Amino acid sequence: MVRVRFAPSPTGYLHMGGARTALFNWLWARKNKGVFVLRIEDTDQSRSTQQSEEAIIDGLKWLGLDWDEGPIVGGPHAPYFQMQRLATYDRHAESLIAQGKAYRCDCTKEELDRLREQAAREKRGFKYPGTCRNKNLPRGTPGAVVRFRMPDEGATTFKDLVKGEITTQHKELHDEVILRADGVPLYNFGAVVDDVEMEITLVARGDDHVVNTPRQILMYQALKYPVPLFAHLPMILGADKQRLSKRHGAVSVLQYREDGYLPGALLNYLARLGWSHGDQEIFTIPELIEDFGWEHVGANAGVFNPQKLEWVNQQWLKLTPPVEIAKMAGVSPEFAALMQERARNLNEIRDAYRAYIVPDLPAYDEKAVAKQLTKETRPLLEEARAVIDRTFEQGPQAMEQAFRALAEQRGLGLGKLAQPVRLAVTGTTVSPPLFETIALLGKARTLRRIDAALERIK
RNA sequence: GGCCCCAUCGUCUAGUGGCCUAGGACGGAGGCCUCUCACGCCUCAAACAUGGGUUCGAAUCCCGUUGGGGUCACCA
């Protein structure tokens, strides 16, 4: 049974990197009929907030990345909030201490900071010197944290599903803190204990965690638990090739909802950022689930490209049934059908709808009016009005035929005739095909608009 | 700085020793189609970081160099 998890810390919204990590985990779970667990790692009490937690959950929900176990839905390993699992960490820490694999340490923060600064001055990495290693400090020692006893010699090797074999010498490691004095675990320990408890079989997470992996493997081994598989996903970079951060365009995925993107399009784009399936660019969600695999996840970081995302969104818009688009954009299905192949996002559809479908008279683009609605075009517009009046009931194709006949009669291209009419009817020079738009608007409203436009010429 | 990871068009990537005069996609340039816009179609420009090996043969394997990134917390 494949069991994977997404374990965000509620210290901010869900951004692209987190969304992609969640997506890859989710795809793997769905592909293997496994379980996708959502776990909230809220042990940084100074930075975790309720709002962030909600924002992350909202983001996942919008994307359609549903979880089988976790907040709201519960599950056999509840609770799924680390701050509610303190007793579990304590139990495991005590067991490690009893076996001599961990120990209490009451070194003060000040001493440690001094050592750290000194190490920095000497351009060395800081390593805890092991002051309390053999003190056997008892439970209840004031201010004591628990440190994990790292082996001094040897090396740990693991096979990362995307990066291949990675080896770390144990001498590079040091006895890191796994439990604070107040019993709140630190990342490496909390994650390991929970992944063990929740029976996670594969850990897929950001690249920045590769260095944590050997330490965590050592902890799994100390705990006498099987080690899961690991897959480290490369970073997503901003246009400047810098890691995506709040300053570098790392916006909430929910911003894309505001901007009129389809959740599936975002998922499609994110999947292709770092993963590939031959030359295919556009995938439905079932296709993504079917085709996804770690073999084709790239090992190098990728730049987030908004233009390509927009293109993917456009493709999705074309492939989505009009009724669904209508629902999302808040427009009629008929109009959605006309707009879906020429809009890049839902907002363009909604804006157009509000501009010239909803109101009785559209807001006119004055610059275009000055150019298109002139004394020269007036007779044309009058004749067009008559044509519409006469042929409307026969449908858009008949109207078009009649317009073509009229244009030809006047020695004009259809464009010369259609543009003033389009402006009169929609208020703009850019719209879906004129005759279908007119059909959708209705005869009375169309004629009223043309009359209003004629008024403007005077 | 130590350790670790990465390196194909501007960007996302295909490529797993011969199919590569390196393919696709976004973006760019030009054109076709056309009632506007968009779609679609066609054409063009655009890359294997670098130096050594290994091999009959290297974008593909190995080493060095360079460049980029990650990480060195009682953050995650």
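Everything quoted here is computed from the prediction, not taken from an experiment. Because only heavy atoms are used, hydrogens play no part in the values below, and waters and symmetry mates are left out as well, while side chains stay in.
The side chain of A/Trp311 approaches B/rA25 more closely than any other nucleotide in the set B/rC5, B/rA25, B/rU16. Listed candidates were B/rA7, B/rC35, B/rU71. Nearest to the side chain of A/Arg404 is B/rC35. Taking every side-chain heavy atom of A/Glu281 into account, B/rA25 is the closest of B/rC6, B/rC35, B/rA25. Checking B/rU13, B/rC4, B/rA38 against the side-chain heavy atoms of A/Arg272 singles out B/rU13 as nearest. Minimum atom distance to the side chain of A/Arg342 is reached by B/rU36, of the listed B/rC3, B/rU36, B/rA7. Of the candidates B/rC35, B/rU71, B/rC6, the closest approach to any side-chain atom of A/Leu414 belongs to B/rC35.
Map A/Lys416 and A/Val210 each onto its nearest nucleotide of RNA chain B; the residue landing nearer the 5' end is A/Val210. Comparing A/Ser431 and A/Glu295 by the nucleotide of RNA chain B that holds the closest heavy atom to each, the one mapping nearer the 5' end is A/Glu295.
One can place CG of A/Leu173 at 16 Å from P of B/rU71, the figure rounded to the nearest angstrom. Rounded to whole angstrom, the span from the NZ atom of A/Lys171 across to the P atom of B/rC3 amounts to 8 Å. Between the CD1 atom of A/Ile217 and the C1' atom of B/rC4 there is a distance of 14 Å, rounded to whole Å. Straight-line distance from the NZ atom of A/Lys127 to the P atom of B/rC72: 15 Å, rounded to whole Å. Atom NZ in A/Lys163 sits about 18 Å away from atom C1' in B/rU16, given to the nearest Å. Between A/Asn268 atom CG and B/rC26 atom C1' there is a gap of 13 Å when expressed in whole angstrom units. Rounded to an integer number of Å, the gap from A/Glu172 CD to B/rC3 P is 6 Å.
Heavy-atom neighbours of A/Lys371 NZ from other residues, nucleotides or ligands within 6.0 Å: at or below the threshold of 12. Heavy-atom contacts from other residues, nucleotides or ligands closer than 6.0 Å to CD of A/Glu94 number more than 12. Counting heavy atoms of neighbouring residues, nucleotides and ligands inside a 6.0 Å radius, atom CZ of A/Arg116 exceeds 12 of them.
Using a 3.5 Å distance cut-off with no hydrogens or angles, the side chains of A/Thr108 and A/Glu111 do pair a donor with an acceptor. Side chain to side chain, A/Glu54 and A/Gln50 meet the donor-acceptor criterion of an N or O pair below 3.5 Å.
At the phosphate of B/rC3, neither OP1 nor OP2 sits under 4.0 Å from any side-chain N or O atom of A/Thr168. Put simply, A/Lys318 has a side-chain N or O that comes within less than 4.0 Å of OP1 or OP2 on B/rG40. Side-chain nitrogen and oxygen atoms of A/Gln307 include none within less than 4.0 Å of the OP1 or OP2 phosphate oxygen of B/rU11. In this model, the phosphate group of B/rG67 is not approached by any side-chain N or O of A/Lys241 to a distance below 4.0 Å at OP1 or OP2. An OP1 or OP2 oxygen of B/rC3 is reached within less than 4.0 angstrom by no side-chain nitrogen or oxygen of A/Gln169.
Searching all strands for a Watson-Crick or G-U wobble partner of B/rG10 with both distances below 3.5 Å returns B/rC26. Across all strands shown, B/rG18 pairs with B/rC56; the Watson-Crick or G-U wobble distances both stay below 3.5 Å.
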Pull out every protein N or O sitting under 3.5 Å from an N or O of nucleotides 73-76 of chain B, one pair per line with the distance.
unit_1: B/rC74; atom_1: OP1; unit_2: A/Arg116; atom_2: NH1; d: 3.3
unit_1: B/rC74; atom_1: OP1; unit_2: A/Arg116; atom_2: NH2; d: 3.2
unit_1: B/rC74; atom_1: N4; unit_2: A/Cys107; atom_2: O; d: 3.3
unit_1: B/rC75; atom_1: OP2; unit_2: A/Arg180; atom_2: NE; d: 2.8
unit_1: B/rC75; atom_1: OP2; unit_2: A/Arg180; atom_2: NH2; d: 2.1
unit_1: B/rC75; atom_1: O2'; unit_2: A/Asp44; atom_2: OD2; d: 2.3
unit_1: B/rC75; atom_1: O2'; unit_2: A/Arg47; atom_2: NH2; d: 3.1
unit_1: B/rC75; atom_1: O2; unit_2: A/Arg47; atom_2: NH2; d: 3.4
unit_1: B/rA76; atom_1: OP1; unit_2: A/Thr43; atom_2: OG1; d: 2.4
unit_1: B/rA76; atom_1: OP1; unit_2: A/Asp44; atom_2: N; d: 3.4
unit_1: B/rA76; atom_1: OP2; unit_2: A/Tyr187; atom_2: N; d: 3.0
unit_1: B/rA76; atom_1: O3'; unit_2: A/Glu41; atom_2: OE1; d: 3.2
unit_1: B/rA76; atom_1: N6; unit_2: A/Asn212; atom_2: OD1; d: 3.4
unit_1: B/rA76; atom_1: N6; unit_2: A/Asn212; atom_2: ND2; d: 3.4
unit_1: B/rA76; atom_1: N1; unit_2: A/Asn212; atom_2: ND2; d: 3.4

Between the protein and nucleotides 59-65 of chain B, list the N/O to N/O atom pairs that are separated by less than 3.5 angstrom.
none

Interface polar pairs with nucleotides 21-23 of chain B, N/O, under 3.5 angstrom:
unit_1: B/rG23; atom_1: N2; unit_2: A/Asp279; atom_2: OD1; d: 3.0

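In this view, A/Gln82 and A/Glu41, A/Asp194 satisfy the side chain to side chain donor-acceptor pair (under 3.5 Å) rule, not counting sequence neighbours. Applying the side-chain contact (heavy atoms from CB on, under 4.5 Å) rule to A/Thr426 yields the partners A/Tyr356, A/Arg422, A/Thr428, A/Ser431, A/Thr437; only residues at least two apart in sequence or on another chain are considered.
Rounded to whole Å, the C1' atom of B/rC62 lies 37 Å from the corresponding atom of B/rA76. The P atoms of B/rG51 and B/rG2 are separated by 26 Å, rounded to the nearest whole Å. Look at the P atom in both B/rA59 and B/rG53: the space between them is 15 Å, to the nearest Å. With both ends at atom C1', the span from B/rC20 to B/rA47 equals 13 Å, rounded to whole Å. B/rG67 and B/rC26 are spaced 35 Å apart, taking the P atom of each and rounding to whole Å.
For A/Phe435 and A/Phe403, the ring centers are positioned less than 6.0 Å apart. In this structure, the ring of A/Phe24 has its center less than 6.0 angstrom from the ring center of A/Phe292.
Classification of the A/Tyr13-A/His15 ring pair by plane angle, with boundaries at 30° and 60°, yields perpendicular.
Between the side chain of A/Arg422 and the base of B/rC35 there is at least one donor-acceptor pair of N/O atoms closer than 3.5 Å. For B/rG24, its base never sits under 3.5 Å from the side chain of A/Gln280 at any donor and acceptor pair.
Sequence neighbours left out, the pairs with a member in residues 294-308 of chain A that pass side chain to side chain donor-acceptor pair (under 3.5 Å) are A/Glu281-A/Lys308.
Although no hydrogens or angles enter the test, the distance criterion places no donor-acceptor pair under 3.5 Å between the side chain of A/Arg20 and the main chain of A/Leu270.
In this structure, the separation between OG1 on A/Thr11 and CG on A/Asp44 is 7.0 Å, given to the nearest 0.5 Å. Between the CZ atom of A/Arg205 and the CG atom of A/Asn25 there is a distance of 10.5 Å, given to the nearest 0.5 Å.
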